[in-house]
There are 2 protein chains.
Amino acid sequence: MKLKRSHQLIIDNVSRFIDLTELEKRKYISLLTEVRVKKKEFLMQAGEIAKYEYFITEGCLKVYTLDEDGAPHISMFAVEDYWTGDMASFMRKEPSHYFIKATEDSELLGISRANYNLLFQEIPKFERFYRILYQKSLISYIRRSNHGISLTAEERYIEFKRKYPNIVNRITQKDLAAYIGITPEFMSKIISKVNRM
Amino acid sequence: MKLKRSHQLIIDNVSRFIDLTELEKRKYISLLTEVRVKKKEFLMQAGEIAKYEYFITEGCLKVYTLDEDGAPHISMFAVEDYWTGDMASFMRKEPSHYFIKATEDSELLGISRANYNLLFQEIPKFERFYRILYQKSLISYIRRSNHGISLTAEERYIEFKRKYPNIVNRITQKDLAAYIGITPEFMSKIISKVNRM
DNA sequence: TAAAAGTCTTAAACTACTTCATTTTTTTTC
DNA sequence: GAAAAAAAATGAAGTAGTTTAAGACTTTTA
């Protein structure tokens, strides 16, 4: 059976770690909800309890917190084929500290808490899928935060550009600064310096 | 059946997330290897491929990398009831970038790669255990790295002391500096300032 | 398509933290 | 329990990144 593009994308993603029968695929898809957000709209805001975990099928979103001074700190840019959400809030039913805002018109597939739990009962293989997904996320998270340490902002910028050439052109310099962890002014200086080199 | 202290500890830890029968407990324990390291000895060194993932039953260890300048960056202090190792190296069979060194005489239980994989075949419930363990690690990892951002070194020190009062007294100021991400000299200044307040 | 709003650039003054060098104190070792 | 080694304290000079402010450029909106 031919699936629509977004469903095919998520099935391909899941199939990297576990094999699903046609029946299981259909069952899984039935547990998902389609969500669309326009550029500048919020998928989620701080204070809310996360109702869904998301898989992005199209577009780009930024995940960020505001510190005590109201300055944004972007923890990730999520594009097609990425998973996103606030797992802490989703799991513990606590108010989130995060905002997730679309930087482009975006399409996502969400799974609700009820369906997430149901999923493990109905298709226990998904314990394995998520075990591996979380393990890989943990590995890259640890690597990233350990790699970033002891690099200057300029080095972190060069590294980001090298690693995510497709993302760097889709976001503003200001958002990149909030991700790298510096002020937009200093980001501007770095970019003009690096381009001069 | 009465278990020895270290085995009881790891069973209690696992039992927080999944229920095991007596048979499964014995099976699980049979897959573990006891390891002892004396203070200042290495559990693991950069360049090696991680053969085990560990659970600590006694003592304290520091997990760290060396940057290009040879300066250490400590990513965690692991004490009793913590899990440690280098998951990236363990999973991908790649040479590790980490050193794990005992800061006190320590006792651990290790699981080899072969037994780790066997575990999922023999007791599939462990997919669930590790799914939840990794999910929780990811949550606290994300929280930590997001919380640290935008705090000064002094604030991070106060936070560490509040959060890990039991660890702060077991480690040197120098190691704490390597964890907080500053020089030992600046750490010294911060501590004398905070104590004066 | 004009006005408004947001983003980017540049520059000068400032701060958190580093580096280097020296002395004192604590811990380890035989 | 003395000698050696490591850790901690202190101070002066230097640097990566911040803050503030103002003007130029670009995008959004009506």
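None of the values given here were measured: they were computed from a predicted structure. In what follows, chains carry the letters A, B, and so on, assigned in the order in which the sequence lines appear, proteins first and then strands, with residues in each chain numbered from 1.
In this entry the distance linking CG of B/Leu151 with P of C/dA16 reads 14 Å, nearest Å. The nearest whole Å value for the distance from the CD1 atom in B/Ile180 to the C1' atom in C/dC17 is 14 Å. If you take CZ of B/Arg196 and C1' of D/dT10, they are 11 Å apart, rounded to a whole angstrom. Across the protein-nucleic acid pair, B/Glu154 atom CD and C/dT15 atom P stand 15 Å apart, rounded to whole Å. B/Lys193 places its NZ atom 16 Å from the P atom of D/dG11, with the value rounded to the nearest Å.
Ion pairing of B/Arg16 with B/Asp81 is present here, as a side-chain N (NZ or NE/NH1/NH2) and a carboxylate O approach within less than 4.0 Å. Classification of A/Arg156 and A/Glu159 as a salt-bridged pair fails, no side-chain N sitting under 4.0 Å from a carboxylate O. Between A/Arg5 and A/Glu107 there is no salt bridge, since no side-chain nitrogen of the basic residue lies less than 4.0 Å from a carboxylate oxygen of the acidic one. B/Lys25 and B/Glu22 are joined by a salt bridge, as a carboxylate oxygen and a charged side-chain nitrogen come within less than 4.0 angstrom of each other.
Defining each end axis of the helix from C/dT1-D/dA30 to C/dC30-D/dG1 as the rotation carrying four pairs' C1' atoms onto the next four, with five pairs an end, the two axes are found to diverge by 70° to 10 degrees.
When heavy atoms are screened at a 4.0 angstrom cut-off, A/Thr152 is found touching the sugar-phosphate backbone but no base atom.
Residues from residues 59-67 of chain A placing a heavy atom under 4.0 Å of any atom in DNA chain C do not occur. Non-hydrogen atoms lying under 4.0 Å from DNA chain D are contributed by B/Thr172, B/Gln173, B/Lys174, all within residues 171-179 of chain B.
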message = Walk along nucleotides 18-30 of chain C from 5' to 3' and tag each nucleotide B, S or - by protein heavy-atom contact under 4.0 Å, base first, then sugar-phosphate.
response = BBB-------S--
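Listed pair A/Ser188 / C/dC8 fails the phosphate criterion, with no side-chain N or O lying under 4.0 Å from OP1 or OP2. Between B/Arg156 and C/dC17, a side-chain N or O to OP1/OP2 separation shorter than 4.0 Å is present.
Relative ring orientation between B/Tyr64 and B/Phe42 is described as tilted, the plane-to-plane angle lying within the 30° to 60° band. Using a 30° and 60° split on the angle between ring planes, A/Tyr164 and A/Phe160 fall in the tilted class, from 30° to 60°.
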Run the side-chain donor-acceptor check on residues 176-187 of chain A: report pairs under 3.5 Å with partners two or more places apart or on a different chain.
| unit_1 | atom_1 | unit_2 | atom_2 | d |
| --- | --- | --- | --- | --- |
| A/Tyr179 | OH | A/Arg144 | NE | 3.4 |
| A/Thr183 | OG1 | A/Phe186 | N | 3.2 |

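Side-chain contact between B/Leu9 and B/Asn13 is absent, with no heavy-atom pair separated by less than 4.5 Å.
The ring of B/Phe126 has its center no closer than 6.0 angstrom to the ring center of B/Phe120.
Seen from the ring of A/Phe90, A/Arg113 counts as a face-on cation partner, given the 6.0 Å and 45° thresholds. With A/Tyr134 as the aromatic partner, B/Arg131 does not meet the cation-pi criteria of under 6.0 angstrom to the ring centre and within 45 degrees of the ring axis.
Using modelled atom types, one finds no donor on one side chain facing an acceptor on the other under 3.5 Å when comparing A/Asn117 with A/Gln121.
Residues satisfying the side-chain hydrogen bond (donor to acceptor under 3.5 Å, both in side chains) test with A/Glu80, not counting sequence neighbours, are A/Arg170.
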